[in-house]
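Every chain is numbered from 1, with letters handed out A, B, ... down the list of sequences.
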Amino acid sequence: MDTPAGPTPRVRTRLSPRDLFETATIRFGYGRYDYKVVPGLYCVGNPTPDCPVIVTANYKLTFDMVRRELNGQNAWLLVADTRGINVWCAAGKALFGTEEIVLSVRSARLDTVVSHRTLILPQLGATGVAAHTVKKHSGFSVCYGPVRAADLPRFIENDNQADETMRSVTFTLRERAELVSVELFILGKPLIFILLAAFLLSGIGPDVFSLAAAWTRGLAAACATALGIVAGSVAVPILLPRLPWKRFALKGAVTGMVAALGTIFLFYSQLGIGELLALSLWTTGTSSYLALNFTGSTPFTSPSGVENEMRTTLPILIVTALAAIIIWLAAPFTG
Amino acid sequence: MKDFRHLKNVATLQLDRDACVGCGVCTTVCPHRILTLRDKKAEIIDFDGCMECGACAMNCPTDAISVTPGVGCASYIMQVWLHKLTGGSVKTSCC
C-alpha cells in the first residue's frame, strides 16, 4: 500500500504450503544459515497511521511465525536486519540491537508513516536493545511485548499489557524435542571424520593392518558411537528434567551408561572384556560430552554455569576418551 | 523457571539498589521473572534462576544492575581455550 514513506509491501498472514515445507526442513538444519527476508517496513492488513508497529527479525522462520499470528490485525511490521538470525540469538550478539532498531526506524521513515511514537518489540530483544537509548535517538518509545508471537493478539487486545505467563520463557517437552533434529544435523560433518578414524584405528593389530578387523571392529565402534549420540543428543534433551543431578555432563553419563549396556548386549559374543570396556567408556563419554554441549541450547543455563561445568568435567571426558582409544588399540595385541 | 535449575551461586548478576530509580523495566524484561520491585526499587528474588542474558542490565537507565553475559555455548568456550593454548583462530561460524 502507499504510505508517505513510499509504497510499502503487504505481507500475507497465512503461510503457504511452501512456507510450511521450508519451516520443516529448516528444523532439520538444511538451509538455516540463509533463510532471510528483506528487512524494512511491511504492512499487515490495512493499517492506518495509528495502528501498532511491531518489530521483528529478518530470519524467515521468525518472520513467518509473527505474521501468521497477526492474522486479522491491521499493523505495521518493521523487520530489522539481523542477518537472518532469530530475535534472541541476534539480541545476544547485538544484531537485534539498539543501533539496528534506530537505523530501521530511520530508514523506514517511520515517523512519516505512523502518528504515534511506540514500537512493540519482542521481550527477548531486550538482551540487545536499550529502550531508553532507542527513545533518545529515534523518538520512538519501546514497549516490550510478549515472549512468544502466539501471545501477540492477546497482548494487543489487552491494551499492550502482558501477564507473567506471556513474559516467561519455558522449556517444555515439545520445545526440547524441536531441538533434537538440529543437534543431530550439526553432528553430521564431525561424525564422518570420527567414523573414518574409528574404522581405521580398528584395523590396527598384530598384522599391522587388517581390513577384516577394520570392518568388524569398526562397525562395533560405530555402533558404540551411534548409541552415545542417541543417549546424549536425543535422550538428554527429551528427558532433561527427569535426569538426576544438575550438571549436564552427569545427566549425559547416566543415559550414556544405559546406552553402554546396549553396546555390551550387542557385542558381548564377538568382543573381549577389554574391548567391551573400551566401547562402554566411549559410549558413556560421547553421551556425556554431547549433553555438556546441549547446555548452549537451553534457555536457562548461564554462561558462568556452563564454564564452571566445563572446567570440572572436560578433563574427565578427555581422559575417558583417551582410555577408551588406548584400550581399543591395545586389545588386538593382548589377545 | 522453577523446574529447570543448573548450578547454584555462579551467576554474575549484581544490583546496586542505591543507584536504582525504580523504573521497573528490568522486572518487565527478565525472561525468568527473577526481579521484582520492592519499596520502589528493584530486587533479585531468584538469584539462581538468572541465565545472564543481560536484558536487565541493557535496559537500566542508571546502570544499577550489571551482568557479564558470555556465550554460554560449550563449543565456543572450548575453542577459546584451544585458542589460548595453541594460538589457532576461533571459529564463530556456527552461531
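Distance alone, capped at 3.5 Å, is enough to place a donor-acceptor pair between the B/N59 side chain and the A/V129 backbone. One N or O on the side chain of B/H32 and one on the backbone of A/P299 form a donor-acceptor pair closer than 3.5 Å.
Residue A/W245 does not touch chain B at all, counting heavy-atom pairs closer than 4.5 Å. With a 4.5 Å cut-off on non-hydrogen atoms, B/V29 touches chain A through its backbone and its side chain both. In this structure, chain B has no heavy atom under 4.5 Å from any part of A/F294. Using a 4.5 Å cut-off between heavy atoms, B/C23 does not touch chain A at all. Only the side chain of A/L314 comes within contact range of chain B, judged by heavy atoms closer than 4.5 Å. At a 4.5 Å heavy-atom cutoff, the contact between A/R311 and chain B is made by backbone and side-chain atoms alike. Heavy atoms of B/C56 lying under 4.5 Å from chain A are absent altogether.
Contact of the A/R167 side chain with the B/T28 side chain is registered, since non-hydrogen atoms from C-beta on lie closer than 4.5 Å.
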Worked check of side-chain contact (heavy atoms from CB on, under 4.5 Å) between A/F248 and B/H6
CA-CA 8 Å; A/F248 279 54; B/H6 198 212; 3.8 Å; yes
Between B/F4 and A/T170, is a side-chain contact (heavy atoms from CB on, under 4.5 Å) present by the stated rule, with each step listed?
CA-CA 9 Å; B/F4 291 93; A/T170 54; over 6 Å; no
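Note that OG of A/S304 and CG of B/N9 are 11.5 Å apart. Values are rounded to the nearest 0.5 Å. Rounding to the nearest 0.5 Å places CG of B/L7 at 12.0 Å from CD of A/E307. Here the straight-line distance linking atom CE of B/M51 with atom OG of A/S302 works out to 8.5 Å at 0.5 Å rounding.
Residues A/L124 and B/P31 come closest through the heavy atom pair CD2-CB, 4.0 Å. The two residues A/A130 and B/M58 make their nearest non-hydrogen contact at CB-O, 3.3 Å.
A 6.0 Å sphere centred on NZ of A/K36 holds more than 12 heavy atoms belonging to other residues, nucleotides or ligands.
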